[in-house]
Each structure stands twice: as C-alpha cells, then as structure tokens.
Amino acid sequence: VGLTDVYIQLQDDSAAKAACEHAKSLADQASEGEQTRVAITAAQLDFLEDSSAGSMQHYFAWRKMISDALAATPTNPWLWILRGLADEGTPAPMGQGGGIDTVAFYETALAYSPDNSAAHHFLAHTFENLGRTQDALAQAEAYVRLAPEIPHAHHMRGHELRRLGRTEEAIAEFRKAGELEEAYYK
C-alpha cells in the first residue's frame, strides 16, 4: 500500500492500481489496521480514476472511510494526517493545499505523535497557506529538527525565513537544501 501512495504521487496510475491490487491480495494475512489502510487506499484510487469525470461520490466515500477508521482508532496519527490530506479535495494530495480545517487534523496527529515529521511538514504548508508565517516557521523548524537530511525540510524553513525578512538565514537554508540535494544525486 505504501508503493501505491508513491505511484499516486508520481502520477503513475497504472502502477498505483497494480500495487494496490497486490496489497489487496495480501490483505487477508494483514492486521485489521493494515486491512483498513488497504481499503482506504483502494477508495482513494477509485476517486483518482473517477475524478476526471467530476464525480464527488468517490471523494466522499474515501473521506468517510478515513473518518470511520478514526472513529474506531482515534489515537492513530496517520489517520489524522490522511484526514487532513483528504481535505485538499484532490485524489493525489501532497500536503500543500491545506486550509483552516486541516490545522486541527494535523495538530491532533501531533498530539498523539509529537515527533511526526509528516504532520509538521503538512502543518507548515497549511500555516503558510493561511499567511501565518511565524507558525509556519515553527513547524518548518520542527521538520528540519526531525528530518535534517531532507532537502525539502531546509527549503521549507528558508521559505518562512524569507517571508519574515530574515534573508541571510533563508539563503543559508536554501544553500543547505541545495547541498543535500546535490549530495543525494552524487
């Protein structure tokens, strides 16, 4: 199911569908939580396949599955993150389109998992979208602390520093992101 997520982000729908079908074939050997994750991902793929036709039925089915899973396991931080992602209204959310409603979802994920780098990352984007630059910076700094080798973490921090007029610090972060990216490619 993790490969399905990756292929969705890469916009490789056929590979995403194949990975999800493989996950479904193994679901009877998985825990209940893993089976739920497979079902939620399959519903997301249904939305992805039907989204071009403008149907919202699959979107609401996908979002409801996440909400139902949260009702059953309200302390699962990843479900809270998924619920925030679903609020972007796209079948391939990237955590960059959140608004005022997603703040609560990501903050709840952090209440259960304070060092969750994904929740900090997506919350930084959400605060950025809302014009809450100081809050976005705090989340970006947590993201850097938790994922110091990820270039995008430094890039995010650089965005917020630049918005706050801290140009020299922003340049240093962008340089760090570039160095990490270059080292990765080497």
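Numbers here are sequence positions counted from 1.
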For [X] and [Y], test the side chains for any donor-to-acceptor distance below 3.5 angstrom and give the result as yes or no.
X: D12; Y: S14; value: yes
X: T102; Y: T126; value: yes
X: Q139; Y: Y143; value: no

Student check: side-chain heavy atoms of I40 and L79 closer than 4.5 Å: yes
Mutual orientation of the aromatic rings belonging to F122 and Y106 [parallel < 30°, tilted 30-60°, perpendicular > 60°]: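 Rings of F122 and Y106: tilted, as their planes differ by 30° to 60°.
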Is a donor on one side and an acceptor on the other found under 3.5 Å between the side chain of [X] and the backbone of [Y]?
X: S67; Y: K64; value: no
X: N129; Y: G99; value: no
X: E34; Y: A27; value: no
X: Q9; Y: P93; value: yes

NZ/NE/NH1/NH2 to OD/OE distance under 4.0 Å, D87 and R83: yes
Charged N-O contact under 4.0 Å between E21 and K24: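 Here E21 pairs with K24 in a salt bridge, since their nearest N and O are under 4.0 Å apart.
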Atom pair [atom1]/[atom2] of [X] and [Y] - distance to nearest 0.5 Å:
X: D115; Y: L146; atom1: CG; atom2: CG; value: 5.0 Å
X: E49; Y: K17; atom1: CD; atom2: NZ; value: 4.0 Å
X: I66; Y: R37; atom1: CD1; atom2: CZ; value: 9.5 Å
X: T73; Y: Y112; atom1: OG1; atom2: OH; value: 10.0 Å

Verdict with reasoning, V103 to L123, per side chain to side chain contact (heavy atoms under 4.5 Å, CB included): CA-CA 6 Å; V103 171; L123 190 53; 4.3 Å; yes
Shortest non-hydrogen separation from D135 to F127 and the atoms involved: CB-CD1, 3.5 Å
F174-H154 aromatic ring centre distance below 6.0 Å: no
